[in-house]
Amino acid sequence: MGSRFDITVVANDSIEGSKYIAIAIEEITRIEKLISSWDANSQTSVINRNAGIQPVKIEQELFQLIERAIGISRLTDGAFDISYASMDKVWKFDGSVTELPSKETINNSITKVGFQNIILDKEKQTVFLKLEGMKIGFGAIGKGYAADKAKDLLLSKGVSSGIVNASGDMNTWGKQPNGKEWKIALTNPLDKNKVFALLPVSDAAVVTSGNYEKYITFNGKRYTHIIDPRTGYPSTGVISVTVFAPKAELADALATSVFVMGKETGLDRINQLPNVECVLIDEEGKIFTSKNIEIEKL
């Protein structure tokens, strides 16, 4: 998935621990083959190749993942959208930009984006992308899903405690060997060598989405690499979003969505969801939280 996975398990000895970690890696590799858009043989690639042509019958697991992704798109009014992969890349964040893309270029870049054009047939278990050239991608949900599946498999094998960390998409369960809860450190986005808070987590997923490394500034306004799939414009006003949820898949998708929706709308949406919490930092470095979270500031 182009991401580093760190797997921690609590086991009786290193031999048993290594065996469990190998099982988790095998599961993550299996999911990558299912959802990768880089692998020409994956079911995701077959769906994309047949956009505007015909529906594609797929495995139930992938069908259900797409179904849940569309549900999150509805929940976030399209701020999250797996058809973002259809977007033309008109923004560059490598320091080479001398002027912003034109309004027309930006509008044209999103003509094939829109979860409403992903047609699912539950009976036939098919997916059809209505528009030719349309694509789906799991960049904002796939790592979280893989972390969930690896955790579930390890639990089923009797691993009572551990962490799956998919490049910052973390899923935890059980407790540390000393009986204490796992603690997640939240990085200060204005100084990534510093931690501003520690939060205990128990049987929960934590995902942080940040733009403090990839952004451009024009006329005093900061444009981030997280693009709103509805408008084609980069999100502004927020530099870090951390979401706590029962599943990493959901936390992954919501972290991106809150970024796009912005502080007020994003936190309001999180406050309406059961068992989901959020810590948000705006571009001035101010910290905002959803209503049921307490952070242990350092």
Side-chain angles (χ1 to χ4, degrees), residues 1-5 7 22-76 78-89 110-156 164 166-167 169 171 205 207 227 229 247-257:
M1 295 177 209
S3 300
R4 177 189 170 97
F5 277 73
I7 299 155
I23 288 169
I25 291 167
E26 198 176 315
E27 176 69 348
I28 291 160
T29 305
R30 181 189 71 78
I31 291 158
E32 181 174 36
K33 286 179 179 165
L34 185 71
I35 67 174
S36 171
S37 44
W38 302 107
D39 179 356
N41 298 315
S42 76
Q43 292 187 31
T44 302
S45 292
V46 177
I47 292 167
N48 290 344
R49 275 200 300 275
N50 283 280
I53 302 167
Q54 63 186 2
V56 175
K57 186 172 172 57
I58 57 171
E59 286 178 35
Q60 187 179 25
E61 182 179 5
L62 183 59
F63 186 92
Q64 288 174 342
L65 179 61
I66 294 170
E67 203 170 31
R68 291 195 301 275
I70 292 171
I72 295 169
S73 294
R74 292 199 181 101
L75 180 71
T76 60
F80 172 84
D81 193 330
I82 56 170
S83 72
Y84 80 92
S86 318
M87 201 184 299
D88 296 332
K89 290 178 174 60
I110 56 166
T111 52
K112 289 170 184 156
V113 178
F115 68 93
Q116 303 87 344
N117 292 316
I118 305 171
I119 311 303
L120 301 183
D121 186 324
K122 208 162 190 173
E123 211 172 286
K124 295 179 181 172
Q125 215 168 284
T126 60
V127 179
F128 179 50
L129 308 182
K130 270 169 74 174
L131 309 176
E132 197 178 330
M134 193 177 171
K135 292 176 189 167
I136 57 170
F138 297 94
I141 197 172
K143 283 187 302 170
Y145 178 62
D148 287 339
K149 292 296 283 184
K151 170 188 166 178
D152 291 346
L153 185 58
L154 289 172
L155 272 167
S156 75
V164 179
S167 291
D169 293 16
N171 209 339
V207 173
I227 311 287
K247 295 271 189 187
E249 175 193 311
L250 179 62
D252 201 357
L254 288 176
T256 308
S257 307

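Quick note: residue numbers are just sequence positions, from 1. These numbers come from a predicted model, not from an experiment.
In this structure the side chain of I47 reaches within 4.5 angstrom of the side chain of I66, judged on heavy atoms. Using a 4.5 Å cut-off on side-chain heavy atoms (C-beta onward), L120 and F63 make contact. Residues T126 and I58 form no side-chain contact, since every pair of their non-hydrogen atoms from C-beta on lies 4.5 Å or further apart. Side-chain atoms of I136 and F138, non-hydrogen and from C-beta on, do get closer than 4.5 Å to each other. In this structure, T76 and T256 have side chains that are not in contact, with every pair of non-hydrogen atoms separated by 4.5 Å or more. Between F80 and I82, some side-chain heavy-atom pair lies under the 4.5 Å cut-off. The shortest side-chain heavy-atom distance between L254 and L75 falls under the 4.5 Å cut-off. Two residues are said to be in side-chain contact when any heavy atoms from C-beta on lie closer than 4.5 Å; I25 and F5 fail this criterion.
Applying the side-chain hydrogen bond (donor to acceptor under 3.5 Å, both in side chains) test to every pair with at least one member in residues 111-120, sequence neighbours left out, gives no pairs at all. Within the structure, side-chain hydrogen bond (donor to acceptor under 3.5 Å, both in side chains) contacts touching residues 49-68 (residues at least two apart or in different chains) are R30-E61, Q43-E59, N50-Q54, E61-Y145, E67-K122, R68-E249. Identified under the side-chain hydrogen bond (donor to acceptor under 3.5 Å, both in side chains) test for residues 33-42, with sequence neighbours left out: S42-S45.
Closest heavy-atom contact between G137 and A85: N-CB, 3.7 Å. Annotation for V207 and A251: closest pair CG2-CB, 3.7 Å, computed over non-hydrogen atoms. Between I7 and A24, the closest heavy-atom pair is CD1-CB, 3.8 Å. S257 and A79 get closest at one heavy-atom pair: O-CB, 3.9 Å.
Not counting sequence neighbours, the partners of K247 by the salt bridge (Lys or Arg N to Asp or Glu O under 4.0 Å) test are D152. Judged as a side-chain hydrogen bond (donor to acceptor under 3.5 Å, both in side chains), and not counting sequence neighbours, the contacts of D148 are N171. Shown here are the side-chain hydrogen bond (donor to acceptor under 3.5 Å, both in side chains) partners of S83, two or more places apart in sequence or in another chain: D81.
Looking only at distances, no side-chain donor or acceptor of S3 sits under 3.5 Å from a matching main-chain atom of A166.
To the nearest 0.5 angstrom, L65 atom CG is 10.0 Å from K149 atom NZ. In this structure, CG on L62 lies 9.5 Å from CD on Q125, to the nearest 0.5 angstrom. One distance of note links CZ of F128 with CG of D121; it measures 12.0 Å at 0.5 Å rounding.
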Residue pair I23, L153: steps toward the side-chain contact (heavy atoms from CB on, under 4.5 Å) verdict:
CA-CA 8 Å; I23 288 169; L153 185 58; 3.5 Å; yes

